[in-house]
Undergrad: 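Below you'll find the structure I mean.
Residue numbers start from 1 in every chain, and the chains themselves are labelled A, B, ... in the order their sequence lines are given, proteins ahead of strands.
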2 protein chains.
Amino acid sequence: MAQKKLGPGDRISEAEHAVMEALWEENPLAAAEVCERVCTANDWSIATVKTLLSRLVAKGALGTEPDGRKFLYRPLVERDEYVGGESRRLVDRLFGGRAAPLFAHLAENEALTDDDLEEIEALLREMRK
Amino acid sequence: MAQKKLGPGDRISEAEHAVMEALWEENPLAAAEVCERVCTANDWSIATVKTLLSRLVAKGALGTEPDGRKFLYRPLVERDEYVGGESRRLVDRLFGGRAAPLFAHLAENEALTDDDLEEIEALLREMRK
DNA sequence: ACACATCGACTACGTCTGTAAACATTAAGC
DNA sequence: GCTTAATGTTTACAGACGTAGTCGATGTGT
């Protein structure tokens, strides 16, 4: 088999996600370059990053292209896709699929800044067309 | 030590969460009663439920009171507390702590029903006092 | 040519999770 | 009293995850 498309079983773990973020921000990158942007923040060794990269490739979340003796990695899944999936999973699991209760929750716990409120209002206005 | 308060390291896993949901909806319940409400839906055996209950007790998420030869389990963490924590974690991880982008995302993918929109508008109105 | 630095591949290993069986105790029915 | 059914406790085990070391190949500087 050549390319295993990311099955729904192939979830991206939390540590892997940090690697994905780096690559979503800039790509393609070599392993060492990825390490430069995530190793210190997470207190990881280069070896750890290599493992995470391999697992992400195995899961079909990353693709590689050879560049001399090294590999360049680039995301195969869009950040939007991932973020959307995770968001929906949470809303499904905790709020029965309804987004309003999530919103209410965030609002209650003042997890919403004034900027957020304004932005959301704007979105609503635009949505109402 | 008698009561270990749920440390932040003691996360509730997905399977465990299903058990918690049952107990949040009705409590206290015995293991067999919990199984009645979650075993068929998840295709679990009673043994699995017992394990999950034990682990939740160990994590400090559930408390027990003896009832004859059996135990009754009841939540020690509020559903709101859990839900709030998980929501914030997601927002932090995926949206840099800002809720507006999450909202935008849900909106884009029409994960928002008309009811949701109305409800959110109402919330906004009320919040603006 | 040769030592050295790099890089990906393979291996390792402890913890957590999902899933469950085996075991011990004990209340209850006969 | 003794068998049986129910219940919590212990043990099990495979797969995922976090974290990293070792190994073999290969390019690099001198």
Undergrad: Would you say the side-chain atoms of E16(A) pair up with the backbone N or O of S13(A), donor to acceptor, closer than 3.5 Å?
TA: yes
Undergrad: Can you sort out which residues in residues 18-38 of chain A have a heavy atom within less than 4.0 Å of DNA chain D? Ascending by number, please.
TA: none
Undergrad: Using 0.5 Å steps for rounding, measure from the CZ atom of R55(B) to the CG atom of D10(B).
TA: 13.0 Å
Undergrad: Can you run down the side chain to side chain donor-acceptor pair (under 3.5 Å) pairs that involve residues 18-40 of chain B, sequence neighbours left out, and say none if there aren't any?
TA: H17(B)-E21(B), E21(B)-R79(B), E26(B)-R37(B), N27(B)-R74(B)
Undergrad: Crowded around D67(A) CG? As in, over 12 foreign heavy atoms under 6.0 Å?
TA: yes
Undergrad: Which value, rounded to the nearest 0.5 Å, describes the distance between E119(A) atom CD and D114(A) atom CG?
TA: 12.0 Å
Undergrad: Which pair of non-hydrogen atoms, one from A99(A) and one from L106(B), has the smallest distance, and what is that distance?
TA: CB-CD1, 3.9 Å
Undergrad: To the nearest angstrom, how far is D10(B) atom CG from dT15(C) atom C1'?
TA: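 Distance, rounded to whole Å: 13 Å.
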Undergrad: Are V38(A) and I46(A) co-members of a hydrophobic cluster defined by side-chain heavy atoms under 4.5 Å apart?
TA: no
Undergrad: Calculate the interatomic distance between E65(A) atom CD and dG8(C) atom P; express it in whole Å.
TA: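 E65(A) atom CD is separated from dG8(C) atom P by 13 Å.
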Undergrad: Just by modelled atom types, is the K50(A) backbone N or O under 3.5 Å from a matching donor or acceptor in the S54(A) side chain?
TA: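 At least one qualifying donor-acceptor pair exists.
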Undergrad: Can you work out whether L72(B) or S13(A) has the more 5'-proximal nearest nucleotide on DNA chain D?
TA: L72(B)
Undergrad: Could you run through nucleotides 20-30 of chain C and give me one letter per nucleotide, 5' to 3': B if any protein heavy atom sits under 4.0 Å from the base, S if only the sugar-phosphate is that close, - if neither?
TA: BB-----S---
Undergrad: Round to a whole Å and report the spacing from CD1 of I46(A) to P of dC7(C).
TA: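 One finds 7 Å between P of dC7(C) and CD1 of I46(A), rounded.
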Undergrad: When the distance from CD of E16(B) to P of dT19(C) is rounded to whole Å, what number comes out?
TA: 11 Å
Undergrad: What does the inter-axis angle of the helix from dA1(C)-dT30(D) to dC30(C)-dG1(D) come out as, five pairs per end, nearest 10 degrees?
TA: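 Inter-axis angle at the ends, rounded: 10°.
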Undergrad: Can you list everything that forms a side-chain contact (heavy atoms from CB on, under 4.5 Å) with E86(B)? Sequence neighbours excluded, please.
TA: L90(A), R93(A), L94(A), R11(B), Y82(B), R89(B)
Undergrad: With a 4.5 Å cut-off on side-chain heavy atoms, are Y73(B) and L53(B) touching?
TA: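 Yes. Closest side-chain heavy atoms under 4.5 Å.
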Undergrad: Rounded to whole angstrom units, what separation is found between the CD1 atom of I12(B) and the C1' atom of dC16(C)?
TA: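 In whole Å, dC16(C) C1' and I12(B) CD1 are 15 Å from each other.
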Undergrad: Rounded to whole angstrom units, what separation is found between the CG atom of L53(A) and the C1' atom of dA9(C)?
TA: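 Distance check: L53(A) CG to dA9(C) C1' gives 13 Å.
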Undergrad: Where does the chain A footprint on DNA chain D start and end, counting 5' to 3' with a 4.0 Å heavy-atom cut-off?
TA: dC17(D) to dT28(D)
Undergrad: How are the rings of F95(A) and H105(A) set to each other: parallel, tilted or perpendicular (split at 30° and 60°)?
TA: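 It falls in the perpendicular class, over 60°.
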Undergrad: As a test of understanding, state which of L62(B), V34(B), L72(B), L23(B) forms a side chain to side chain contact (heavy atoms under 4.5 Å, CB included) with P28(B).
TA: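 The option that passes is L72(B).
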Undergrad: Just verifying a value: how many Å separate M127(A) CE and I120(A) CD1, rounded to the nearest 0.5 Å?
TA: 9.5 Å
